[in-house]
Amino acid sequence: MRNEPRVTKELVKEHGLTEEEYDKIKLILGRDPNYTELGILSVMWSEHCSYKSSKVFLKDLPTEGEHIIQGPGENAGIVDIGDGLAIVFKMESHNHPSFIEPYQGAATGVGGILRDIFTMGARPVASLNSLRFGAFDHPKTRYLLNGVVAGIAGYGNCMGVPTVGGEVYFNACYNGNILVNVFTLGLIKKEKIFKGVAYGPGNPVIYVGSKTGRDGIHGATMASEEFDEKSSERRPTVQVGDPFTEKLLLEACLEVMDTDHVVGIQDMGAAGLTCSSCEMASRAGTGIEMDLSMVPKREEGMTPYELMLSESQERMLLVVKKGREREVTEIFEKWDLDVSIVGKVTDDGMLRVIDNGVTVVEIPARILAEESPVYIRPKERPQYLSKTEKFSIDKIPEAGNHGEVLIKLLGSPNIASQEWVYRQYDHMVRTNTVVLPGSDAAVIRVKGTKKGIALTVDCNSRYAYLDPYLGGMIAVAESSRNLVCSGAKPLAITDCLNFGNPEKPDIMWQFDQSTRGLSEACKRFNTPVVGGNVSFYNETRGEGVHPTPTVAMVGLITDIDLHMTQWFKRDGDQVVLLGKNCGELGGTEYLAAIHGLEEGPPPRVELDLEISVQDTCLEAIRDGLIMSAHDCSEGGIAVALAECCFSGPKSCHGVNVSISGDNMRGDCLLFGESQSRIIVSLDEDRLGDLRKIAERNNTPLSVIGRVGGDRLVINDLIDCPVTRLEQAWRTGIEERL
């Protein structure tokens with residue numbers, strides 16, 4: 001064996017292991033680990049890989065349902081959509097790498113989630129992203145925004161996978177720690193599903209893809225600790241992506257999966273060779289023996305430690321049937337990819353690594369993949385809530401000109417058009433995209449069928465900051481509402497739970513409350529959680545981000561001809577509000593953008609009302625009654641109505657509405673963000689049919705106005721030219737760059 005550093009207490013601490021964890025390792029092994037084993041154990045027992053602080057909470061999330069084929073525990077979740085087809089999807093974070101090196105951090109985040117999808121046997125067909133940056137006037141925000149967007153576009157566009165939607169938010173809490181959450185969905189035939197398992201002792205283990213270099217070493221460990229002043233020095237821990245190699249890898253993997261040669265397959269993501277090998281073995285109850293001399297290398301003199309922990313991109317590990325090595329190798333060589341038989345499946349349950357004939361690692365695979373420490377950390381309600389809950393509307397002066405307030409809101413970065421972002425993405429490649437970015441949800445067609453898939457990603461982190469339980473619940477409710485507004489029945493979610501340091505009791509309280517809200521809402525909406533990601537330690541110098549439990553939800557449209565969009569289609573249509581106005585100002589974009597406040601209780605969500613509103617909207621769409629549907633969210637009903645006027649691809653429409661507010665203040669009525677509200681438009685002759693559906697579902701319904709003219713008129717509070725509102729909305733982000 002090469003000369004390796006001696007394992008000391010200082011070295012153990014540098015690897016992020018506590019004394020108690022190291023003592024547990026020695027007890028399991030019956031000896032001290034060597035340097036390479038220490039590195040392997042530290043990364044597999046890191047927060048990023050092991051979920052040691054979150055496991056106890058994630059168990060309460062619903063993960064099973066009528067349509068669920070594969071829930072958590074594999075590379076991605078799978079949901080049945082009928083006719084022998086299924087959708088495969090997942091969302092993950094690449095937060096820390098994207099802050100350190102925004103282009104490569106975001107690009108390799110996209111590359112990693114794409115591999116999670118096609119390693120299941122599915123062809124990726126659509127991607128989304130949820131991006132959070134600091135305040136727009138912060139000196140790093142523009143640099144980070146430009147780099148992240150370019151990285152997502154560069155990788156996704158080269159791969160030929162359309163980015164069809166997403167969200168971008170700005171808040172000072174992300175000044176020191178941005179969030180980059182990426183989602184991909186793929187299509188698969190149910191009989192062609194593959195999993196990351198290493199069955200069959202004696203079967204060969206094959207490495208394919210790019211050569212292994214020194215990039216990305218300890219990337220998972222970096223994602224399991226807070227940032228500090230030295231974070232910029234960690235660029236070597238950020239991987240470097242090559243989308244052209246990944247495109248070859250995608251096509252080669254799908255080709256080899258069309259044979260009967262593959263037993264199991266998994267991508268090399270966090271922790272590289274280590275994670276892929278031990279997880280495949282652990283799932284199958286087997287072991288894997290690998291010879292590092294057979295690993296394709298990009299650099300000379302790489303040590304076992306470096307080879308096992310490298311997170312070089314575009315690599316996969318396969319277990320194939322013994323005797324089929326040649327056929328598999330020829331396929332990957334045809335695609336000009338490195339391919340090498342690096343080991344075999346064993347029956348002793350061990351991850352055994354050999355270097356130049358010497359055994360350098362010998363650890364039970366299950367210990368690495370399944371038996372990390374599990375912590376029940378202290379929880380404590382954050383002290384800041386005692387201040388934010390004291391909010392009183394009486395201390396907020398009401399604006400004299402509500403129209404000018406609406407213009408400012410439409411131009412604020414969290415509400416303004418995100419066209420500058422998504423026009424850099426290719427959202428039409430593969431010609432499946434039916435609804436482009438800019439409506440409540442993206443819609444893609446399933447070629448060869450009448451079906452469509454709607455997909456959306458949502459989270460209001462300000463709500464989660466002010467009430468984590470409600471914030472988690474509303475993330476699910478709004479995602480479901482957005483899908484329903486597109487004409488889809490919601491099926492399932494994947495999540496990305498972004499929080500601060502779990503060693504702090506207030507952070508664990510936030511996490512506990514958020515997951516409780518997610519769980520309750522998912523159960524009520526019958527949208528199980530099929531997978532996802534927990535990202536802790538999103539803190540810099542002790543300042544954590546707002547709790548951000550991001551939800552990506554998918555839904556099924558049985559007849560793609562009945563999909564729906566949010567903008568008004570024709571003058572003369574009636575405008576109807578499903579739901580009711582409650583005038584809730586706490587946690588609104590109005591308070592933040594106009595008054596500089598993040599205070600008050602966020603809007604309540606009554607799940608029975610929410611479900612009834614959604615059921616009415618979906619039934620009306622399927623019956624062909626309505627022409628548009630748009631949910632009310634950030635900015636309230638005034639912003640929602642404005643977006644209905646001009647967010648479409650064609651000409652603008654004006655609207656004149658009268659909204660009942662039970663004598664509430666004008667700003668509460670216009671900009672309050674009460675949940676469970678959908679604005680629909682329809683021909684006056686169909687109004688009676690809509691009323692019958694609403695009555696059957698016990699849904700509040702109000703006819704509030706009519707489409708027409710060139711102005712937005714709301715009561716006697718707002719009377720503005722639509723063109724002026726549109727100008728503020730379309731230039732809100734771009735003018736600041």
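When reading the values below, keep in mind they use all heavy atoms of this one structure, side chains included, and skip hydrogens, waters and symmetry mates.
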Residue that, paired with Leu61, satisfies side chain to side chain contact (heavy atoms under 4.5 Å, CB included) out of Val530, Asp495, Ile493: Asp495
Any side-chain donor near an acceptor of the partner, Glu634 and Tyr169, under 3.5 Å: yes
Flag, side chain of His67 to backbone of Val79, donor-acceptor distance under 3.5 Å: no
Inter- and intrachain pairs under salt bridge (Lys or Arg N to Asp or Glu O under 4.0 Å), touching residues 396-418, at least two apart: Glu398-Arg665, Glu404-Arg724
Set of residues satisfying side chain to side chain donor-acceptor pair (under 3.5 Å) with respect to Arg691, sequence neighbours excluded: none
4.5 Å side-chain heavy-atom contact, Val457 and Met91: yes
Glu47 side chain to Ser53 backbone, donor-acceptor under 3.5 Å: yes
Residue of the set Phe511, Tyr51, Phe57, Tyr375 for which ring-ring contact (aromatic ring centres under 6.0 Å, His included) holds with Phe536: Phe511
Heavy-atom donor-acceptor pair, Ser392 side chain to Asp394 backbone, under 3.5 Å: yes
Counterpart residues, side-chain contact (heavy atoms from CB on, under 4.5 Å), relative to Glu584 (two or more places apart): Cys582, Pro603, Arg604, Ser674
Arg481-Gln675 side chain donor-acceptor pair, cut-off 3.5 Å: yes
By salt bridge (charged side-chain N to carboxylate O under 4.0 Å, His left out) - contacts of Lys140 (at least two apart): none
Qualifying residues under ring pair (Phe, Tyr, Trp, His ring centres under 6.0 Å), relative to Tyr384, sequence neighbours excluded: Tyr465
Ser127 versus Thr184, side-chain donor and acceptor atoms under 3.5 Å: yes
Polar side-chain atom of Asn533 near backbone of Ser93 as donor-acceptor pair, under 3.5 Å: yes
Listed partners of Asn482 passing side chain to side chain donor-acceptor pair (under 3.5 Å), at least two apart: Asp458
Thr141 side chain to Ala135 backbone, donor-acceptor under 3.5 Å: yes
Sequence neighbours excluded - salt bridge (Lys or Arg N to Asp or Glu O under 4.0 Å) pairs with any residue from residues 587-598: Arg462-Glu589, Arg462-Glu598
Any donor-acceptor N/O pair, Ser98 side chain to Ala106 backbone, under 3.5 Å: yes
Check: Asn501 side chain, Glu503 main-chain N or O, donor-acceptor pair, under 3.5 Å: yes
Contacts of Asn146 that satisfy side chain to side chain donor-acceptor pair (under 3.5 Å) - sequence neighbours left out: none
Backbone N/O of Phe391 and side chain of Glu599: donor-acceptor pair under 3.5 Å: no
Partner residues of Phe136 under the ring pair (Phe, Tyr, Trp, His ring centres under 6.0 Å) criterion, sequence neighbours left out: Phe170
CZ (Arg516) with more than 12 external heavy atoms under 6.0 Å: no
Distance-only side-chain donor-acceptor flag, Asn581 / Arg677, under 3.5 Å: yes
N/O donor-acceptor pair under 3.5 Å between Trp729 side chain and Ile415 backbone: yes
Lys/Arg-Asp/Glu bridge criterion (N-O < 4.0 Å) met for Lys504, Glu380: no
Let me check something: any side-chain donor-acceptor pairs from residues 519-526 under 3.5 Å, sequence neighbours excluded? List them with distances.
from, atom 1, to, atom 2, distance (Å)
Ser519, OG, Asp60, O, 2.8
Glu520, OE1, Tyr469, OH, 2.1
Arg524, NH2, Asp608, OD1, 2.5

Thr699 backbone acceptor or donor facing Ser612 side chain under 3.5 Å: no
Any pair counted as ring-ring contact (aromatic ring centres under 6.0 Å, His included), so long as it reaches residues 660-680, sequence neighbours left out: Tyr590-Phe671
Side-chain H-bond candidate by donor/acceptor type, Asn95 with Asn538, under 3.5 Å: yes
Exercise: identify the closest heavy-atom pair between Ser486 and Leu483: OG-O, 2.5 Å
More than 12 heavy atoms of other groups within 6.0 Å of Asn698 CG: no
With Ser628 via side chain to side chain donor-acceptor pair (under 3.5 Å) - residues at least two apart: Ser681
